[in-house]
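Quick notes on the structure that follows.
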Amino acid sequence: MRSLGLAFTSWFEKYTFLLIPGSLVVGWLLSDVLEDYVPLIPYLFGYITLVMALGCGVRHLHGVLKRPYAVLLTLFLAHAAAPIIAYGLGSAIFGADSDYTIGLLLFAIIPLGISSVMWVGSSGGSIPFILAVVVLDTILSPLIVPALMDMFIGNAMVTWNASGLIMDLLTMVVLPTVIGVLLYEVSRGRVKDWSAPVTQPISKLFFMLVVMLNAAAIAPHAAGMKEEMLVVIPVVITLIVICYLLGFFGSYAMLRPSPDMQVTFTYASGMRNISLGMVLATTYFSPQASIPVVLGIMFQQPAATVIHALFHRKRTQAVIYPK
(Lines give C-alpha, C1' and ligand atoms only; values in the text may rest on other atoms or scores of the structure.)
Protein backbone atom coordinates (compact mmCIF):
# COMPACT_ATOMS: atom_id res chain seq x y z
CA MET A 1 0.00 0.00 0.00
CA ARG A 2 2.82 2.39 0.92
CA SER A 3 4.72 1.86 -2.32
CA LEU A 4 1.50 2.15 -4.34
CA GLY A 5 0.64 5.55 -2.83
CA LEU A 6 4.15 6.91 -3.35
CA ALA A 7 4.25 5.56 -6.90
CA PHE A 8 0.97 7.32 -7.70
CA THR A 9 2.30 10.59 -6.27
CA SER A 10 5.46 10.31 -8.36
CA TRP A 11 3.45 9.51 -11.48
CA PHE A 12 1.11 12.45 -10.87
CA GLU A 13 3.98 14.91 -10.41
CA LYS A 14 5.64 13.63 -13.58
CA TYR A 15 2.52 14.23 -15.65
CA THR A 16 1.09 17.27 -13.84
CA PHE A 17 1.54 19.39 -16.95
CA LEU A 18 -0.98 17.11 -18.72
CA LEU A 19 -3.28 16.08 -15.87
CA ILE A 20 -4.17 19.58 -14.68
CA PRO A 21 -5.14 21.03 -18.08
CA GLY A 22 -6.96 17.75 -18.70
CA SER A 23 -8.91 18.22 -15.47
CA LEU A 24 -9.83 21.69 -16.65
CA VAL A 25 -11.24 20.31 -19.90
CA VAL A 26 -13.18 17.59 -18.04
CA GLY A 27 -14.67 20.23 -15.75
CA TRP A 28 -15.86 22.25 -18.72
CA LEU A 29 -17.34 19.22 -20.48
CA LEU A 30 -19.10 17.89 -17.36
CA SER A 31 -20.15 21.24 -15.93
CA ASP A 32 -23.82 20.22 -15.72
CA VAL A 33 -22.92 17.23 -13.53
CA LEU A 34 -20.21 18.87 -11.40
CA GLU A 35 -21.79 22.27 -10.78
CA ASP A 36 -23.74 21.00 -7.74
CA TYR A 37 -20.47 20.10 -5.99
CA VAL A 38 -18.83 23.53 -6.31
CA PRO A 39 -19.51 24.36 -2.59
CA LEU A 40 -17.03 21.60 -1.66
CA ILE A 41 -14.09 23.55 -3.10
CA PRO A 42 -13.01 25.38 0.10
CA TYR A 43 -12.86 22.10 2.06
CA LEU A 44 -10.88 20.34 -0.66
CA PHE A 45 -8.49 23.25 -0.86
CA GLY A 46 -8.07 23.36 2.93
CA TYR A 47 -6.92 19.74 2.88
CA ILE A 48 -4.43 20.45 0.07
CA THR A 49 -2.96 23.32 2.10
CA LEU A 50 -2.72 21.15 5.22
CA VAL A 51 -0.77 18.44 3.38
CA MET A 52 1.56 21.08 1.93
CA ALA A 53 2.38 22.41 5.39
CA LEU A 54 3.23 18.97 6.80
CA GLY A 55 6.70 19.30 5.27
CA CYS A 56 7.56 22.58 6.95
CA GLY A 57 8.50 23.30 10.54
CA VAL A 58 9.47 26.29 12.60
CA ARG A 59 13.16 25.69 11.85
CA HIS A 60 12.48 26.06 8.10
CA LEU A 61 10.74 29.38 8.67
CA HIS A 62 13.50 30.49 11.04
CA GLY A 63 16.16 29.54 8.49
CA VAL A 64 14.50 31.62 5.80
CA LEU A 65 14.22 34.62 8.12
CA LYS A 66 18.02 34.50 8.42
CA ARG A 67 18.08 35.52 4.74
CA PRO A 68 15.77 38.54 4.88
CA TYR A 69 17.08 40.09 1.66
CA ALA A 70 16.33 36.95 -0.37
CA VAL A 71 12.84 36.71 1.17
CA LEU A 72 12.05 40.37 0.55
CA LEU A 73 13.33 40.14 -3.02
CA THR A 74 11.12 37.09 -3.65
CA LEU A 75 8.04 38.86 -2.26
CA PHE A 76 8.87 42.05 -4.18
CA LEU A 77 9.12 40.23 -7.50
CA ALA A 78 5.95 38.21 -6.90
CA HIS A 79 3.73 40.78 -5.21
CA ALA A 80 4.98 44.17 -6.42
CA ALA A 81 6.67 43.90 -9.81
CA ALA A 82 4.35 41.22 -11.20
CA PRO A 83 1.07 42.94 -10.17
CA ILE A 84 2.22 46.26 -11.63
CA ILE A 85 3.04 44.56 -14.92
CA ALA A 86 -0.23 42.57 -14.88
CA TYR A 87 -2.32 45.68 -14.22
CA GLY A 88 -0.46 47.68 -16.84
CA LEU A 89 -0.79 44.92 -19.43
CA GLY A 90 -4.49 44.45 -18.73
CA SER A 91 -5.21 48.17 -18.70
CA ALA A 92 -3.43 48.70 -22.02
CA ILE A 93 -5.35 45.93 -23.76
CA PHE A 94 -8.71 45.66 -21.98
CA GLY A 95 -8.99 48.90 -19.99
CA ALA A 96 -8.34 49.58 -16.29
CA ASP A 97 -11.91 48.72 -15.22
CA SER A 98 -12.15 45.51 -17.27
CA ASP A 99 -12.92 42.26 -15.48
CA TYR A 100 -10.14 40.66 -17.50
CA THR A 101 -7.69 43.17 -16.03
CA ILE A 102 -8.92 42.25 -12.55
CA GLY A 103 -8.35 38.57 -13.38
CA LEU A 104 -4.81 39.22 -14.58
CA LEU A 105 -4.13 41.26 -11.45
CA LEU A 106 -5.51 38.53 -9.18
CA PHE A 107 -3.31 35.97 -10.95
CA ALA A 108 -0.23 38.08 -10.11
CA ILE A 109 -1.25 38.75 -6.49
CA ILE A 110 -2.21 35.28 -5.22
CA PRO A 111 0.38 33.41 -3.10
CA LEU A 112 3.25 31.39 -4.50
CA GLY A 113 2.31 27.93 -5.74
CA ILE A 114 3.17 24.79 -3.76
CA SER A 115 3.89 23.00 -7.05
CA SER A 116 6.94 25.27 -7.35
CA VAL A 117 8.58 23.11 -4.65
CA MET A 118 8.45 20.10 -6.97
CA TRP A 119 9.91 22.03 -9.91
CA VAL A 120 12.61 23.69 -7.79
CA GLY A 121 13.68 20.28 -6.50
CA SER A 122 13.80 18.65 -9.93
CA SER A 123 15.68 21.63 -11.44
CA GLY A 124 18.40 21.84 -8.79
CA GLY A 125 17.08 24.70 -6.67
CA SER A 126 16.88 25.20 -2.91
CA ILE A 127 13.96 23.13 -1.58
CA PRO A 128 14.18 24.35 2.07
CA PHE A 129 14.09 27.99 0.92
CA ILE A 130 11.18 27.65 -1.52
CA LEU A 131 9.14 25.50 0.88
CA ALA A 132 9.52 27.95 3.75
CA VAL A 133 8.84 30.98 1.53
CA VAL A 134 5.68 29.36 0.12
CA VAL A 135 4.42 28.67 3.66
CA LEU A 136 5.34 32.18 4.83
CA ASP A 137 3.67 33.76 1.80
CA THR A 138 0.58 31.61 2.36
CA ILE A 139 0.33 32.75 5.99
CA LEU A 140 0.65 36.40 4.88
CA SER A 141 -1.98 36.06 2.14
CA PRO A 142 -4.92 37.42 4.21
CA LEU A 143 -2.94 40.66 4.48
CA ILE A 144 -1.30 40.77 1.04
CA VAL A 145 -4.16 39.77 -1.28
CA PRO A 146 -6.91 42.13 0.00
CA ALA A 147 -4.46 45.03 0.45
CA LEU A 148 -3.07 44.81 -3.08
CA MET A 149 -6.48 44.25 -4.69
CA ASP A 150 -7.82 47.30 -2.87
CA MET A 151 -4.74 49.32 -3.86
CA PHE A 152 -5.23 48.60 -7.56
CA ILE A 153 -9.02 48.42 -7.95
CA GLY A 154 -10.28 50.27 -4.88
CA ASN A 155 -11.41 53.22 -6.98
CA ALA A 156 -12.68 51.11 -9.85
CA MET A 157 -16.34 50.34 -10.46
CA VAL A 158 -15.99 46.95 -8.80
CA THR A 159 -17.86 45.64 -5.78
CA TRP A 160 -16.22 42.90 -3.76
CA ASN A 161 -16.27 41.68 -0.18
CA ALA A 162 -12.79 42.29 1.27
CA SER A 163 -13.72 41.11 4.78
CA GLY A 164 -15.19 37.90 3.39
CA LEU A 165 -12.03 37.35 1.37
CA ILE A 166 -9.88 37.74 4.49
CA MET A 167 -12.01 35.26 6.45
CA ASP A 168 -11.90 32.70 3.64
CA LEU A 169 -8.13 33.02 3.40
CA LEU A 170 -7.84 32.53 7.14
CA THR A 171 -9.99 29.38 7.14
CA MET A 172 -8.88 27.87 3.81
CA VAL A 173 -5.20 28.76 3.92
CA VAL A 174 -3.82 30.06 7.23
CA LEU A 175 -5.57 27.66 9.64
CA PRO A 176 -4.62 24.48 7.70
CA THR A 177 -1.07 25.80 7.33
CA VAL A 178 -0.71 26.43 11.07
CA ILE A 179 -2.14 22.96 11.83
CA GLY A 180 0.31 21.38 9.37
CA VAL A 181 3.31 23.16 10.89
CA LEU A 182 2.18 22.16 14.42
CA LEU A 183 1.85 18.52 13.36
CA TYR A 184 5.36 18.71 11.90
CA GLU A 185 6.70 20.03 15.20
CA VAL A 186 4.81 17.54 17.39
CA SER A 187 6.01 14.61 15.25
CA ARG A 188 9.55 16.05 15.08
CA GLY A 189 9.37 16.18 11.31
CA ARG A 190 8.21 12.59 10.80
CA VAL A 191 4.56 13.25 9.96
CA LYS A 192 5.08 13.97 6.27
CA ASP A 193 7.01 10.77 5.50
CA TRP A 194 4.76 8.69 7.72
CA SER A 195 1.52 9.96 6.17
CA ALA A 196 2.71 10.53 2.59
CA PRO A 197 1.47 7.23 1.10
CA VAL A 198 -2.09 8.24 2.00
CA THR A 199 -2.18 12.01 2.30
CA GLN A 200 -0.19 12.79 -0.85
CA PRO A 201 -2.30 10.77 -3.34
CA ILE A 202 -5.51 12.16 -1.85
CA SER A 203 -4.07 15.67 -2.08
CA LYS A 204 -3.28 15.17 -5.79
CA LEU A 205 -6.79 13.88 -6.47
CA PHE A 206 -8.32 16.79 -4.56
CA PHE A 207 -6.18 19.17 -6.60
CA MET A 208 -7.68 17.73 -9.78
CA LEU A 209 -11.17 18.01 -8.29
CA VAL A 210 -10.64 21.65 -7.36
CA VAL A 211 -9.62 22.39 -10.95
CA MET A 212 -12.59 20.47 -12.35
CA LEU A 213 -15.12 22.14 -10.06
CA ASN A 214 -13.81 25.63 -10.71
CA ALA A 215 -13.91 24.97 -14.45
CA ALA A 216 -17.47 23.69 -14.08
CA ALA A 217 -18.44 26.86 -12.21
CA ILE A 218 -17.34 29.21 -14.99
CA ALA A 219 -18.08 27.00 -18.00
CA PRO A 220 -21.60 28.38 -18.59
CA HIS A 221 -20.23 31.94 -18.62
CA ALA A 222 -17.17 31.15 -20.74
CA ALA A 223 -19.21 29.51 -23.47
CA GLY A 224 -20.22 32.87 -24.94
CA MET A 225 -16.72 34.36 -24.91
CA LYS A 226 -15.03 32.39 -27.71
CA GLU A 227 -14.04 35.47 -29.72
CA GLU A 228 -12.64 37.23 -26.65
CA MET A 229 -10.51 34.18 -25.86
CA LEU A 230 -8.46 34.89 -29.00
CA VAL A 231 -7.16 37.98 -27.21
CA VAL A 232 -7.23 36.80 -23.59
CA ILE A 233 -5.20 33.60 -24.13
CA PRO A 234 -2.11 35.31 -25.67
CA VAL A 235 -2.20 37.95 -22.93
CA VAL A 236 -2.29 35.29 -20.18
CA ILE A 237 0.60 33.39 -21.78
CA THR A 238 2.57 36.64 -22.06
CA LEU A 239 2.03 37.41 -18.36
CA ILE A 240 3.11 33.91 -17.31
CA VAL A 241 6.32 34.20 -19.33
CA ILE A 242 7.00 37.66 -17.86
CA CYS A 243 6.58 36.32 -14.31
CA TYR A 244 9.17 33.59 -14.92
CA LEU A 245 11.57 36.09 -16.50
CA LEU A 246 11.10 38.43 -13.53
CA GLY A 247 12.38 35.71 -11.23
CA PHE A 248 15.30 34.73 -13.43
CA PHE A 249 16.62 38.23 -14.08
CA GLY A 250 15.50 39.54 -10.69
CA SER A 251 17.78 37.00 -9.01
CA TYR A 252 20.75 39.06 -10.22
CA ALA A 253 19.76 41.67 -7.64
CA MET A 254 21.40 39.31 -5.12
CA LEU A 255 24.76 40.01 -6.83
CA ARG A 256 26.27 36.83 -8.28
CA PRO A 257 23.36 34.54 -7.36
CA SER A 258 24.20 30.87 -6.95
CA PRO A 259 22.72 28.54 -9.59
CA ASP A 260 20.34 26.96 -7.06
CA MET A 261 18.95 30.33 -5.97
CA GLN A 262 18.54 31.44 -9.58
CA VAL A 263 16.39 28.36 -10.19
CA THR A 264 14.47 29.02 -6.98
CA PHE A 265 13.73 32.66 -7.80
CA THR A 266 12.56 31.76 -11.30
CA TYR A 267 9.92 29.31 -10.11
CA ALA A 268 8.97 31.38 -7.06
CA SER A 269 8.17 34.36 -9.26
CA GLY A 270 6.58 32.38 -12.07
CA MET A 271 4.32 29.91 -10.26
CA ARG A 272 1.18 30.91 -8.41
CA ASN A 273 -1.32 29.03 -6.26
CA ILE A 274 -3.79 28.88 -9.14
CA SER A 275 -6.27 26.62 -7.35
CA LEU A 276 -6.60 29.27 -4.62
CA GLY A 277 -6.82 31.95 -7.29
CA MET A 278 -9.70 30.14 -8.95
CA VAL A 279 -11.55 29.79 -5.64
CA LEU A 280 -11.17 33.53 -4.94
CA ALA A 281 -12.02 34.54 -8.50
CA THR A 282 -15.22 32.51 -8.71
CA THR A 283 -16.29 33.53 -5.19
CA TYR A 284 -15.58 37.27 -5.15
CA PHE A 285 -15.39 38.43 -8.76
CA SER A 286 -17.23 38.07 -12.02
CA PRO A 287 -16.96 35.03 -14.32
CA GLN A 288 -14.92 37.17 -16.74
CA ALA A 289 -12.39 37.87 -13.98
CA SER A 290 -12.06 34.12 -13.42
CA ILE A 291 -11.11 33.45 -17.03
CA PRO A 292 -7.44 34.65 -16.86
CA VAL A 293 -6.90 32.76 -13.61
CA VAL A 294 -8.36 29.53 -15.01
CA LEU A 295 -6.35 29.90 -18.21
CA GLY A 296 -3.27 30.44 -16.06
CA ILE A 297 -3.45 26.87 -14.81
CA MET A 298 -3.48 25.59 -18.38
CA PHE A 299 -0.22 27.30 -19.28
CA GLN A 300 1.66 27.64 -15.97
CA GLN A 301 2.63 23.96 -15.74
CA PRO A 302 3.63 23.53 -19.42
CA ALA A 303 5.73 26.69 -19.07
CA ALA A 304 7.38 25.18 -15.98
CA THR A 305 8.27 22.13 -18.09
CA VAL A 306 10.02 24.35 -20.64
CA ILE A 307 11.90 26.19 -17.86
CA HIS A 308 12.98 22.85 -16.40
CA ALA A 309 14.35 21.76 -19.79
CA LEU A 310 16.28 25.03 -20.14
CA PHE A 311 17.84 24.71 -16.68
CA HIS A 312 18.73 21.08 -17.38
CA ARG A 313 20.44 22.10 -20.63
CA LYS A 314 22.30 24.88 -18.79
CA ARG A 315 23.57 22.45 -16.13
CA THR A 316 24.62 19.93 -18.78
CA GLN A 317 26.57 22.57 -20.70
CA ALA A 318 28.24 23.73 -17.48
CA VAL A 319 29.50 20.18 -16.90
CA ILE A 320 30.67 19.68 -20.48
CA TYR A 321 32.16 23.15 -20.88
CA PRO A 322 33.32 24.21 -17.38
CA LYS A 323 34.70 27.71 -17.02
So, using side chain to side chain contact (heavy atoms under 4.5 Å, CB included) as the criterion, who are the partners of L245 when residues are at least two apart? V241, F249

Rounded to the nearest 0.5 Å, how far does OG1 of T238 lie from CG of L104? 10.0 Å

Heavy atoms only: give me the nearest A86-A108 pair and the separation to one decimal. CB-CB, 3.8 Å

How are the rings of F8 and W11 set relative to one another: parallel (under 30°), tilted (30 to 60°) or perpendicular (over 60°)? tilted

In the single-linkage hydrophobic clustering (I, L, V, M, F, W, Y; side-chain heavy atoms under 4.5 Å), do V235 and L239 co-cluster? yes

Determine whether a donor-acceptor pair (N or O, by modelled atom type, separation under 3.5 Å) exists between the side chain of T101 and the backbone of D97. no

side-chain contact (heavy atoms from CB on, under 4.5 Å) assessment of L73 paired with L77: CA-CA 6 Å; L73 180 59; L77 294 172; 4.2 Å; yes

Sub-4.5 Å side-chain heavy-atom contact between T266 and F311: yes

Look at the side-chain heavy atoms of Ile, Leu, Val, Met, Phe, Trp and Tyr, link any pair under 4.5 Å apart, and say whether L19 and V25 land in one connected group. no

Can you label the angle between the F207 ring and the F12 ring as parallel, tilted or perpendicular, going by 30° and 60°? tilted

Interatomic spacing from CZ in R67 to CE in M261 - rounded to 0.5 Å: 4.5 Å

What class does the angle between the rings of Y47 and F206 fall in, given that below 30° is parallel, 30 to 60° is tilted and above 60° is perpendicular? perpendicular

Can L175 be reached from L136 by stepping across I, L, V, M, F, W or Y side chains whose heavy atoms are under 4.5 Å apart? no

Closest heavy-atom pair, I110 versus F107, reported as atoms and distance to 0.1 Å, is CG1-O, 3.3 Å

Tell me whether L183 shares a hydrophobic cluster with V174, the cluster being built from Ile, Leu, Val, Met, Phe, Trp, Tyr side chains joined at under 4.5 Å. no

L182: which residues meet the side chain to side chain contact (heavy atoms under 4.5 Å, CB included) condition with it, sequence neighbours left out? V178

Check for a donor-acceptor pair, side chain of S195 on one end and backbone N or O of V191 on the other, with a separation under 3.5 Å. yes

What are the two closest heavy atoms between Y37 and L213, and how far apart are they? O-CD1, 3.5 Å

Heavy-atom closest pair, residues K192 and L54: CB-O, 3.7 Å

Would you find a donor on one side and an acceptor on the other, under 3.5 Å apart, between the side chain of S10 and the backbone of L6? no

Quick one: pull up CD1 in I41 and CE in M212 and give me the separation to the nearest 0.5 Å. 12.0 Å

Measure across P111 and H79 and return the closest heavy-atom pair with its distance rounded to 0.1 Å. CA-CE1, 4.1 Å

Is V51 reachable from I179 through a run of hydrophobic residues whose side-chain heavy atoms are each under 4.5 Å from the next? no

To the nearest 0.5 angstrom, please state how far the CD atom of Q300 sits from the CG atom of L295. 12.5 Å

Can you tell which of L75, V71, T74 makes a side-chain contact (heavy atoms from CB on, under 4.5 Å) with D137? L75

Could you state the interatomic distance from CH2 (W28) to CG (L34), rounded to the nearest 0.5 Å? 13.5 Å

I'd like to know if the side chain of S251 reaches the main chain of F248, judged simply by a donor and an acceptor atom lying under 3.5 Å from each other, with no hydrogens or angles considered. yes

Evaluate the side-chain proximity of S187 to W194: yes if any heavy-atom separation is below 4.5 Å, no if none is. no

Between I102 and M149, does a side-chain contact (heavy atoms from CB on, under 4.5 Å) hold up when you go through it step by step? CA-CA 8 Å; I102 293 172; M149 290 301 292; 4.0 Å; yes

Give, for atom CG of L112 and atom OG1 of T138, the distance between the pair rounded to the nearest 0.5 Å. 7.0 Å

Show the numbers, then the answer: is there a side-chain contact (heavy atoms from CB on, under 4.5 Å) between V58 and E185? CA-CA 7 Å; V58 173; E185 291 298 325; 3.5 Å; yes

Does the S269 side chain pair with the main chain of C243, one donor and one acceptor, at a distance under 3.5 Å? yes

For F265 and L246: C-alpha separation, side-chain torsions, deciding distance, then whether side-chain contact (heavy atoms from CB on, under 4.5 Å) applies. CA-CA 9 Å; F265 272 100; L246 270 176; over 6 Å; no

With distance as the sole test, does Y267 use its side chain to make a donor-acceptor pair with the main-chain N or O of G247 at under 3.5 Å? no

Looking at every heavy atom in both A82 and R272, which two are closest together, and how far apart are they? CB-NH2, 3.4 Å

If we ignore hydrogens and angles and just use 3.5 Å, is the side chain of T264 paired with the main-chain N or O of S126 as donor and acceptor? yes

Would you find a donor on one side and an acceptor on the other, under 3.5 Å apart, between the side chain of S203 and the backbone of T199? no

